[in-house]
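Dropping the structure in here first, questions after.
In what follows, every chain begins at residue 1, and chains take the letters A, B, ... in the order their sequences are listed. Here the structure is a predicted model, which means the values were calculated and not measured.
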Protein chains: 2
Amino acid sequence: MNNLVSIKSATLSEDIAQQLSNAIVQGEIPQGSKISEPELAKQYGVSRGPLREAIVKLEGLGLVTRTANVGARVIQLNIQDMLDTFSMREALEGMAARLAATSMPLTEVNRLYTLLDKHQAYLDDNQDEHYVQQGGNDDFHLRIIHASGNAKLVRLLTEELYAVIRMYRRHTADQRSDPRQALREHRAILDAIANHEGDLAELLMRRHISRASHLLKQAMEHSALASQ
Amino acid sequence: MNNLVSIKSATLSEDIAQQLSNAIVQGEIPQGSKISEPELAKQYGVSRGPLREAIVKLEGLGLVTRTANVGARVIQLNIQDMLDTFSMREALEGMAARLAATSMPLTEVNRLYTLLDKHQAYLDDNQDEHYVQQGGNDDFHLRIIHASGNAKLVRLLTEELYAVIRMYRRHTADQRSDPRQALREHRAILDAIANHEGDLAELLMRRHISRASHLLKQAMEHSALASQ
DNA sequence: AAACCTTAAATTGTCGACAATCATGCTTGA
DNA sequence: TCAAGCATGATTGTCGACAATTTAAGGTTT
């Protein structure tokens, strides 16, 4: 029985992969839990074939680990893994910012300035509550990545790594972060890009992500996630 | 009928994925060609089930592209894609070198110096013929990546991206590269790592990969690959 | 009581068959 | 003659069943 709004896709396995991915990121399927093929197949109302295909895809996304003849388990977030992930983000999004500085069209630069103004207004109106921009078109980082013009980079960051990144973002919810500080950093990065200063844009992006990583680490150390 | 030495693995789909991956990288299955499930299933002597799983994995590796109800095609190498891939390599392996500069144990540093001496001796004995180090334990880049101590980075570079990188390496065969120059650059990178100079190690690694990318571009522009 | 072996249940891996979709060639009509 | 539509063949997507392996439980032995 399908308990989610099913976004009709071309193939069942794509649907299932999408829904499973969301369920894991949202924590509906708890970390470290076992993925039972018969159980999930019944739950989603499909046979084990497409379900297995979906699980293989999730393994590629790093959301589950599979061992032969045993099955799949949802990954377990931990500080070391988070630091590793964010080091990669730092390298990749730093490169994205560098590339964006030379390839972002002026129209997109202006659209992004408008977007940051919108974020600013949101913070003013909502007592600094963090702007929820997960995955949407309002996500500053995603816009930079796309502006890099590097198709491989886009795919890697927005399709393969993004699920895990979203998972970390969500499960710590940026409680300790200072949205106004983040916004200032975003503006500085965009300034560098607008001025075609690739080196600076990369440096600022790396510093920005490194700082976010540091805050997330502190948050995890003071939460249940620190138990592993 | 299995026409390759089958390295027995825990599961058929793993075997097939491995063999297919090699066949594509080696060019036995030509670029852009269609992957026929019935045909390959017969060829490898398995049913379509495990074969499909293998294809899904290859899609995750970026070796094939799949479209629903149509099938899978082997990717087609081209200059833009190569440049994109090497930009990512530059960012990621640069980070790996930076991390290795602080985490590589002295024993491994010494082993790598020995390895470079071995490469040097090989060049002396074989009139500068390029040392074949594809994927093996003698691959300098792989050793640096592993020394980064970042498990995510290792997995991404050595499992997910490496197949495509090997494909580019192979199909251009580094004809134009100067092995002695590359060796000098390797030595400079290792020096920086040995001195715990992360900034410098990253800079040198990025320059090294950027240079390789430039050479590969020239090689591709003067070969049949430029036709796309 | 603990460790080991045996056995049964459940889960994963694999297979062959059917349904749905796409590609091809032919017919038909203008 | 050419284009549109149809029919046919082939390929992919999905399913249910069987085989192989792992896990769990129970009984036996030391």
Side-chain angles (χ1 to χ4, degrees), chain A residues 1-4 6-21 23-24 29-76, chain B residues 1-4 6-21 23-24 29-76:
Chain A
M1 227 153 310
N2 198 330
N3 58 354
L4 282 179
S6 66
I7 302 97
K8 256 248 146 38
S9 172
T11 155
L12 274 186
S13 109
E14 279 179 41
D15 269 345
I16 306 293
Q18 191 64 47
Q19 296 190 27
L20 271 183
S21 169
I24 290 176
I29 303 178
Q31 295 177 33
S33 66
K34 186 164 179 344
I35 301 283
S36 164
E37 291 182 9
E39 184 183 330
L40 281 185
K42 200 176 65 178
Q43 187 174 335
Y44 286 103
V46 298
S47 88
R48 278 179 51 218
L51 191 92
R52 274 178 73 88
E53 249 190 61
I55 293 178
V56 172
K57 285 180 190 164
L58 293 195
E59 186 188 22
L61 296 182
L63 285 179
V64 306
T65 57
R66 263 166 33 113
T67 42
N69 294 312
V70 174
R73 296 196 92 84
V74 178
I75 57 160
Q76 184 108 26
Chain B
M1 227 155 309
N2 196 328
N3 59 353
L4 283 179
S6 65
I7 302 98
K8 258 246 145 41
S9 172
T11 154
L12 274 185
S13 110
E14 280 179 41
D15 268 347
I16 307 294
Q18 189 67 45
Q19 296 190 27
L20 271 183
S21 169
I24 291 175
I29 304 178
Q31 296 177 35
S33 67
K34 185 162 180 342
I35 301 282
S36 164
E37 293 183 8
E39 183 183 331
L40 281 185
K42 201 176 65 176
Q43 187 172 336
Y44 286 103
V46 298
S47 89
R48 277 179 52 219
L51 190 93
R52 274 178 72 89
E53 250 189 62
I55 293 178
V56 172
K57 284 179 190 163
L58 292 195
E59 186 187 22
L61 295 183
L63 285 180
V64 305
T65 56
R66 268 172 20 119
T67 41
N69 293 314
V70 173
R73 294 196 95 85
V74 177
I75 57 161
Q76 184 108 24

* Structure fact -> When A:Ile75, A:Ile29, A:Leu61 are each screened for side chain to side chain contact (heavy atoms under 4.5 Å, CB included) with A:Ile24, the one that passes is A:Ile29

* To do: When you get a sec, tell me which of D:dT12, D:dC15, C:dG13 is the closest nucleotide to the side chain of A:Pro50?
  => D:dC15

* Across the strands shown, which category fits B:Ile16 at heavy-atom distances under 4.0 angstrom: base, sugar-phosphate, nothing? -> nothing

* Side chains of B:Leu20 and B:Tyr44: closer than 4.5 Å at any heavy-atom pair? -> yes

* Side-chain N or O of B:Thr11 closer than 4.0 Å to phosphate OP1/OP2 of C:dT14 -> yes

* To do: Return the nearest nucleotide to the side chain of A:Glu37; candidates are D:dC15, C:dG13, C:dT14.
  => C:dG13

* **Sugar-phosphate only, base, or nothing, as touched by B:Ile35 at under 4.0 Å among non-hydrogen atoms** => sugar-phosphate

* Is any side-chain heavy atom of B:Gln43 closer than 4.5 Å to a side-chain heavy atom of B:Leu40? -> yes

* Rounded to the nearest Å, what distance is computed from the CZ atom of residue B:Arg52 to the P atom of nucleotide C:dG13? -> 17 Å

* Quickly work out the B:Glu53 CD to C:dC15 P distance and round it to whole Å. => 11 Å

* In whole angstrom, what separates A:Ile55's CD1 from C:dT12's C1'? -> 10 Å

* Measure the distance from CG on A:Leu40 to P on D:dC15 and round it to the nearest whole Å. => 14 Å

* Asked: B:Arg66 CZ to C:dC22 C1': how many Å, rounded?
  -> 15 Å

* To do: Could you check which of C:dT12, C:dC15, D:dT12 has an atom nearest any side-chain atom of B:Val46?
  => C:dC15

* Tell me whether the OP1 or OP2 atom of C:dG16 has a side-chain N or O from B:Lys42 closer than 4.0 Å. => no

* Structure fact -> Rounded to whole Å, the CD-P distance (A:Glu39 to C:dT11) equals 9 Å

* side chain to side chain contact (heavy atoms under 4.5 Å, CB included) involving A:Leu12 - partner list, sequence neighbours excluded -> A:Val46, A:Pro50

* **d(CG, A:Leu12; C1', D:dT12) in whole Å** => 13 Å

* Structure fact -> Residues at least two apart in sequence or cross-chain that pass side chain to side chain donor-acceptor pair (under 3.5 Å) with B:Arg48, listed by chain then number, are B:Glu37

Please write out each protein N/O paired with an N/O of nucleotides 17-25 of chain D under 3.5 Å, distance rounded to 0.1 Å.
none

* Find the distance B:Leu51:CG to C:dG16:P and express it as a whole number of Å. => 13 Å

* Structure fact -> Taken in chain and number order and not counting sequence neighbours, the residues that satisfy side chain to side chain donor-acceptor pair (under 3.5 Å) with A:Glu53 are A:Ser13, B:Arg52, B:Arg66

* Asked: Short question: side chain of B:Arg73, backbone of B:Gly32 - any donor-acceptor pair under 3.5 Å?
  -> yes

